[in-house]
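Notes follow once the structure below has been shown.
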2 protein chains.
Amino acid sequence: MTKPLPTAPADLDHFDLAILDILQKDNATPQRVIGEAVHLSAPAVQRRIKRMEESGVIEANVAVLDPARLGQPITILVEVEVESERIDLIDAAKRSFAAAPEVQQCYYVTGEADFMLVIIVASMAAYEGLTRRLFFANHNVKRFRTVVVMDRVKTSLAIPLT
Amino acid sequence: MTKPLPTAPADLDHFDLAILDILQKDNATPQRVIGEAVHLSAPAVQRRIKRMEESGVIEANVAVLDPARLGQPITILVEVEVESERIDLIDAAKRSFAAAPEVQQCYYVTGEADFMLVIIVASMAAYEGLTRRLFFANHNVKRFRTVVVMDRVKTSLAIPLT
DNA sequence: GCGTGCCGCGCAAGTTTGTTGCATAAAGGG
DNA sequence: CCCTTTATGCAACAAACTTGCGCGGCACGC
């Protein structure tokens, strides 16, 4: 009984939480520095990080880039409503949205709309092309509402670790 | 004239783009491995990464965590409409939303609503408390619509680097 | 057309960081 | 009460990052 299911909440103590809070702000922080911050030796920190990576608590280690500097200055939010809620059609839509690199995020939601997308594009022309491929080509898309982002006030994947 | 404004698009060649594409998937990739992938030596890769970090093309290096494993299994999207569009009140709202750790993302948008928020909470009770602090306590918030996420189909900050 | 200066490269050495073996101490179960 | 398990720190080791240096390509100007 010592092995909980992979989806079950892992048993993390306050050391782990402190380490995670540092890593989700800056994962280039040396283990020695983390160790000093949480009052643990560097090897102890290293072993905890490795365990959390293997258990999936840490999903990935990534660099966050500035879209404007990379010629993709436009962020767009899209609410998508589907025709049929048949599960296979919903799953197909999920796969379709997830596979598009311009779709940064995709949420399947309750309420009037069925999906909420966050999209990054270089131009409105590029977005128009994307709507053809993603929405007009999918006969199960009944309606979609486009909202243009004026200011990316806050964009992170950080989780509140109280 | 060699120093463009910080917001101006940096001059990135295909080496830089290839490096960034690797880093935004896994920034723990050794520079030696990156070098082999892009046909460059490790020091060359290192100097390019450093330059892109200093210029701000790389905004941050972070670990992505699994919210469910951390006792925060609920993702909520909120559309917020404000009473007055006075710029000082809008800015105050931006600061207020950005300061809340439960608010993972905040976009200032066109259209009916004024803000779109992505929120991570442990429970609906916690969300109820957050609405009090964030929306009901702010007299400029006219209306907010809560949408509950059933499936986080795709959640990343990756930018399409074609 | 030919020098000259500027960049960015690769190589190699030096430095920091990450990793592993080992002995010890605290915690839980038989 | 002892034994197993688990996590720790220290020290040695391995790997990665970082820097100095000389070389070659490219653009500019003569």
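Numbers restart at 1 for each chain; the letters A, B, ... are given by sequence-line order, proteins then strands.
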Would you give me the side-chain donor-acceptor pairs under 3.5 Å for residues 155-162 of chain B, sequence neighbours excluded?
unit_1, atom_1, unit_2, atom_2, d
B:Ser156, OG, A:Gln104, O, 3.1
B:Ser156, OG, B:Ala158, N, 3.2

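- Atom P of nucleotide D:dA16 and atom CD1 of B:Ile34 are separated by 11 Å, given to the nearest angstrom.
- In this structure B:Ala126 satisfies the side-chain contact (heavy atoms from CB on, under 4.5 Å) test together with B:Val121, B:Ser123, sequence neighbours excluded.
- Side-chain contact between B:Met116 and A:Val147: absent, with no pair of heavy atoms (C-beta onward) separated by less than 4.5 Å.
- Judged as a side-chain contact (heavy atoms from CB on, under 4.5 Å), and not counting sequence neighbours, the contacts of A:Ala42 are A:Gln31.
- With rounding to whole Å, B:Ile49 atom CD1 is found 12 Å from D:dT18 atom C1'.
- The list of salt bridge (charged side-chain N to carboxylate O under 4.0 Å, His left out) pairs with a residue in residues 145-162 of chain B, not counting sequence neighbours, reads A:Glu79-B:Arg145, A:Lys94-B:Asp151, B:Glu79-B:Arg145.
- Checking D:dC17, D:dT8, C:dT17 against the side-chain heavy atoms of A:Pro30 singles out C:dT17 as nearest.
- The nearest heavy atom of DNA chain C to A:Gln31 and to B:Ser41 marks one nucleotide each, and the one closer to the 5' end goes with B:Ser41.
- What separates NZ of B:Lys50 from P of C:dG8 is a distance of 14 Å, to the nearest Å.
- Computed from coordinates, the B:Gln46 CD to D:dT18 P distance equals 4 Å when rounded to whole Å.
- Checked against side-chain contact (heavy atoms from CB on, under 4.5 Å), A:Ala28 has the following partners two or more places apart in sequence or in another chain: A:Asp26.
- For the contact set between residues 16-27 of chain B and DNA chain C, defined by any heavy atom under 4.0 Å, there are no members.
- For the pair B:Asp11 CG and C:dG8 P, the interatomic distance rounds to 8 Å; values are reported in whole Å.
- One can place CG of A:Asn61 at 12 Å from P of C:dG18, the figure rounded to the nearest angstrom.
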Subject >> Base versus backbone protein contacts along nucleotides 20-25 of chain D [heavy-atom cut-off under 4.0 Å; B, S, -] >> reply: B-----
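- Of the candidates C:dG10, D:dA16, D:dG9, the closest approach to any side-chain atom of B:Arg32 belongs to D:dA16.
- Axis angle across the helix from C:dG1-D:dC30 to C:dG30-D:dC1, with five pairs used at each end and values rounded to 10°: 30°.
- By the 30° and 60° cut-offs, the orientation of the rings of B:Phe115 relative to B:Phe97 is perpendicular.
- At whole-Å resolution of the value, CG in B:Asp13 and P in C:dG8 are 9 Å apart.
- Rounded to whole angstrom, the span from the CZ atom of B:Arg51 across to the P atom of D:dC17 amounts to 18 Å.
- Counting any heavy atom pair closer than 4.0 Å across all strands shown, B:Arg48 reaches sugar-phosphate atoms only and no base atom.
- If you look at B:Phe136 and B:Phe144, their ring centroids are closer than 6.0 Å.
- In this view, B:Glu36 and B:Arg32 satisfy the side-chain contact (heavy atoms from CB on, under 4.5 Å) rule, not counting sequence neighbours.
- Pairs of residues two or more places apart, or lying in two chains, that qualify as salt bridge (charged side-chain N to carboxylate O under 4.0 Å, His left out) and include a residue from residues 99-118 of chain B are B:Glu102-B:Arg133.
- For A:Asn27, the side-chain hydrogen bond (donor to acceptor under 3.5 Å, both in side chains) partners two or more places apart in sequence, or in a different chain, are A:Asn61, B:Asn27.
- Annotation: side-chain hydrogen bond (donor to acceptor under 3.5 Å, both in side chains) contacts of B:Lys50 (sequence neighbours excluded): none.
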